[in-house]
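Just so it is clear: chains get the letters A, B, ... in the order the sequence lines come, proteins before strands, and each one is counted from 1.
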Number of protein chains: 2
Amino acid sequence: MKKEFSKLSERQQKILRFMQNYMDESGYPPTIREIGEDTGINSTSVVNYNLNKLVDAGYLERTDKVSRGLRLVGDIPGTRKKKVIQALDTAKVPLVGNIAAGQPIQLPDDTGQYYDDDDMIDVPATLLGNNDPSHVFALTVRGDSMIDAMIAENDVVILREQRTANNGDMVAVWLPENGETTLKYFYKEGDKVRLQPAHPTMEPIYVDAKKCEVHGKVLSVIRRIH
Amino acid sequence: MKKEFSKLSERQQKILRFMQNYMDESGYPPTIREIGEDTGINSTSVVNYNLNKLVDAGYLERTDKVSRGLRLVGDIPGTRKKKVIQALDTAKVPLVGNIAAGQPIQLPDDTGQYYDDDDMIDVPATLLGNNDPSHVFALTVRGDSMIDAMIAENDVVILREQRTANNGDMVAVWLPENGETTLKYFYKEGDKVRLQPAHPTMEPIYVDAKKCEVHGKVLSVIRRIH
DNA sequence: TTGACATACGAACGTTCGTTCCGGTATACT
DNA sequence: AGTATACCGGAACGAACGTTCGTATGTCAA
């Protein structure tokens, strides 16, 4: 999926470099129009078009209908990196609670609580997919309710805290109308959302996008059998 | 100029903490309205008012007339710091091949062969359950054939090499009559063996104990989603 | 040639979002 | 009493911003 940087069009490379610099200087992403101005594109739709291409190529993430809803993923060659990221073997992530069908996810509260070592589990860094470990957490699955996500009782689900999702992500969503938490693949279709079970024979469900609260993206699942 | 954090009003502290988390999760700052929603302020003007207070106190910078034109300066106490990643008790396990329904398991050959680093994966010791790592190996699942074991394509299965099993173990068995490899829970019943799928709605199969070659015991399953 | 596809442009539309103004409450001080 | 200050809420305005649509150009393969 991820194209070589050099395979991107001149404009697309320019956009990525501009974004990186803009974010370092401003602390927030540029608007479509600002990108257009810098890169010499004089139509917002063309910028929009190229941004979507960059999403397809794996360099960007976008959030719909949100101003400056852009995120860089990975590194852009030819720009200086602000953050020093060091790749190491494992990370400790907090095992903060349970996930079950009938209740919302208990997120780690934002009070910056300190977690006991007992509540931490070791995770190989590869299971985190280059995510900042400070917003990754783990939940233990209670009950059989996730079997259509191919997830069994007592499995440990590793999640990144986030409220938006891209098509194809597996997400933890809270459906307030049903009073239910579920793990499904996420596909936005107009103002509806299709929630597709991982199990191939199960049917998807469709919900109003307004009534579908994404709470996190599933990074991996760990099952201990013995 | 910079006030003590504790001298800020409850709301102002909450705003700062929210901003920190929001930015870590989204990559861009929140809007005034989003701040209001999170902190229980139901007027944009009040949020605006408090944001300006925070600028005065030296905790924020703003850019006029720009959506999400907010920057945090300095650190906010009471937010989760970036965790230091630390190397932990892990074992390297050889990822020796694939497992699919239609073929026997490829065991690591007994020549005591040396494996490339590329073919090794890091596994937290807890996933090995006190087993000698030298007889543990990993396989990648190909195809959908293991869905009745609640195991999806591309999952990594961690196994210990063994030719016998105890009741209740999940094992990898080769059924020569069917020409098939499968992962099931193992129960000896007389001279038959009951092989029970992990999925609760699936029916078990019964095979002659002689015609059921146990190749290994499943220790854990790892699924990467992203 | 035709058709499909990628890329580009400009204009219009509707929503998001910051700003402003006016009124309100509570406390403290004169 | 009156008044100053700090803080809160609601509503509206206008600019910022993302989205969509119709159209146009060039390339490549059938």
Side-chain angles (χ1 to χ4, degrees), chain A residues 1 3-4 6-16 18-19 22-23 26-72 163-167 188-193 208-210, chain B residues 3 7-16 18-19 22-23 26-57 59-72:
Chain A
M1 181 69 116
K3 268 194 195 170
E4 278 306 306
S6 55
K7 303 278 286 186
L8 298 174
S9 80
E10 192 56 46
R11 277 182 161 174
Q12 286 159 12
Q13 296 184 25
K14 209 167 171 188
I15 288 175
L16 290 176
F18 171 66
M19 273 199 58
Y22 188 104
M23 292 208 56
S26 311
Y28 45 80
T31 66
I32 284 186
R33 270 164 251 262
E34 285 169 333
I35 294 172
E37 245 172 77
D38 179 88
T39 53
I41 301 175
N42 28 17
S43 173
T44 56
S45 62
V46 177
V47 177
N48 189 47
Y49 171 83
N50 282 291
L51 288 178
N52 287 330
K53 287 288 168 190
L54 288 168
V55 172
D56 290 343
Y59 285 93
L60 277 185
E61 289 180 11
R62 299 189 72 180
T63 308
D64 275 6
K65 307 197 191 205
V66 161
S67 69
R68 303 166 194 273
L70 298 170
R71 257 153 295 138
L72 285 169
R163 294 190 203 77
T164 61
N166 294 315
N167 283 346
K188 188 108 189 267
E189 299 187 344
D191 54 355
K192 291 276 187 186
V193 169
D208 192 354
K210 308 268 181 192
Chain B
K3 265 195 195 170
K7 302 279 286 184
L8 298 173
S9 80
E10 190 58 44
R11 277 184 162 173
Q12 286 157 13
Q13 295 183 26
K14 211 168 170 187
I15 287 175
L16 291 176
F18 171 65
M19 274 199 54
Y22 188 104
M23 293 208 53
S26 311
Y28 44 81
T31 66
I32 286 185
R33 272 165 250 261
E34 285 169 332
I35 294 172
E37 243 173 75
D38 180 87
T39 54
I41 302 174
N42 28 18
S43 173
T44 57
S45 62
V46 177
V47 177
N48 191 46
Y49 171 83
N50 282 291
L51 287 178
N52 287 331
K53 287 287 172 191
L54 287 169
V55 172
D56 290 343
Y59 285 92
L60 275 186
E61 288 178 13
R62 299 189 73 179
T63 308
D64 274 6
K65 311 200 187 200
V66 161
S67 69
R68 304 169 192 271
L70 298 169
R71 266 167 317 256
L72 286 169

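Between the P atom of D/dC8 and the CG atom of B/L51 lies a distance of 12 Å, rounded to the nearest Å. The distance between atom CG of A/L70 and atom P of D/dA16, rounded to the nearest whole Å, is 19 Å. Remark: C1' of C/dA6 and CG of A/L54 are 14 Å apart, rounded to the nearest angstrom. A straight line from CZ of B/R68 to C1' of C/dT15 spans 13 Å, rounded to a whole angstrom. If you take OH of A/Y28 and P of D/dG18, they are 13 Å apart, rounded to a whole angstrom. Distance A/I32 CD1 to D/dT20 P: 11 Å, rounded to the nearest Å. If you measure from atom CD1 of B/I35 to atom C1' of C/dG18, you get 12 Å, rounded to the nearest angstrom. Atoms CD (B/E37) and P (C/dG18) sit 13 Å apart, rounded to a whole Å.
Within the nucleic acid shown, A/N48 comes within 4.0 Å of at least one base atom, counting heavy atoms only.
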Between protein and nucleic acid, restricted to nucleotides 21-29 of chain D and to nitrogen or oxygen atoms under 3.5 Å apart, what atom pairs and distances do you find?
none

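In the set C/dC17, C/dA8, D/dC8, the nucleotide with an atom closest to the side chain of B/N50 is D/dC8. Among the nucleotides C/dT7, C/dC17, D/dG10, the one closest to any side-chain atom of A/S67 is C/dC17. Of all nucleotides listed (D/dT19, D/dC7, C/dC9), D/dT19 comes nearest to the side chain of A/D64. Listed nucleotides D/dA6, C/dC9, D/dT19 differ in distance to B/Y49; the shortest reach to its side chain belongs to D/dA6.
Identified under the salt bridge (charged side-chain N to carboxylate O under 4.0 Å, His left out) test for residues 59-69 of chain B, with sequence neighbours left out: B/E34-B/R68, B/E61-B/R71.
Contact record, B/I41 with B/I15: CD1-CD1, 4.4 Å, taken as the closest heavy-atom pair. Heavy-atom minimum distance, B/Y28 versus A/L70: CD2-O, 3.7 Å. Heavy atoms only, all atoms of each residue included: B/G40 and B/R11 are closest at O-NH2, 3.7 Å. Here the closest heavy-atom approach between residue A/I35 and residue A/T39 is recorded as O-OG1, 2.7 Å. Heavy-atom minimum distance, A/S9 versus A/N50: OG-OD1, 4.4 Å.
Residue B/R33 has no polar side-chain atom (N or O) positioned under 4.0 Å from OP1 or OP2 of C/dT19. The side chain of B/T31 places no N or O atom within less than 4.0 Å of a non-bridging phosphate oxygen (OP1 or OP2) of C/dT16. In this model, the phosphate group of C/dC9 is approached by a side-chain N or O of A/R11 to a distance below 4.0 Å at OP1 or OP2. Between D/dT19 and A/K65, no contact under 4.0 Å exists linking OP1 or OP2 to a side-chain N or O.
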Criterion side-chain contact (heavy atoms from CB on, under 4.5 Å) on B/L60 and B/L16, from CA distance to verdict: CA-CA 9 Å; B/L60 275 186; B/L16 291 176; 4.2 Å; yes
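In this structure A/Y22 satisfies the ring pair (Phe, Tyr, Trp, His ring centres under 6.0 Å) test together with A/F18, sequence neighbours excluded.
Mapping B/V66 and B/V46 onto DNA chain D via the closest heavy atom, the residue that lands nearer the 5' end is B/V46.
Donor-acceptor pairing under 3.5 Å, judged by distance alone, is present between the side chain of B/T44 and the base of C/dT19.
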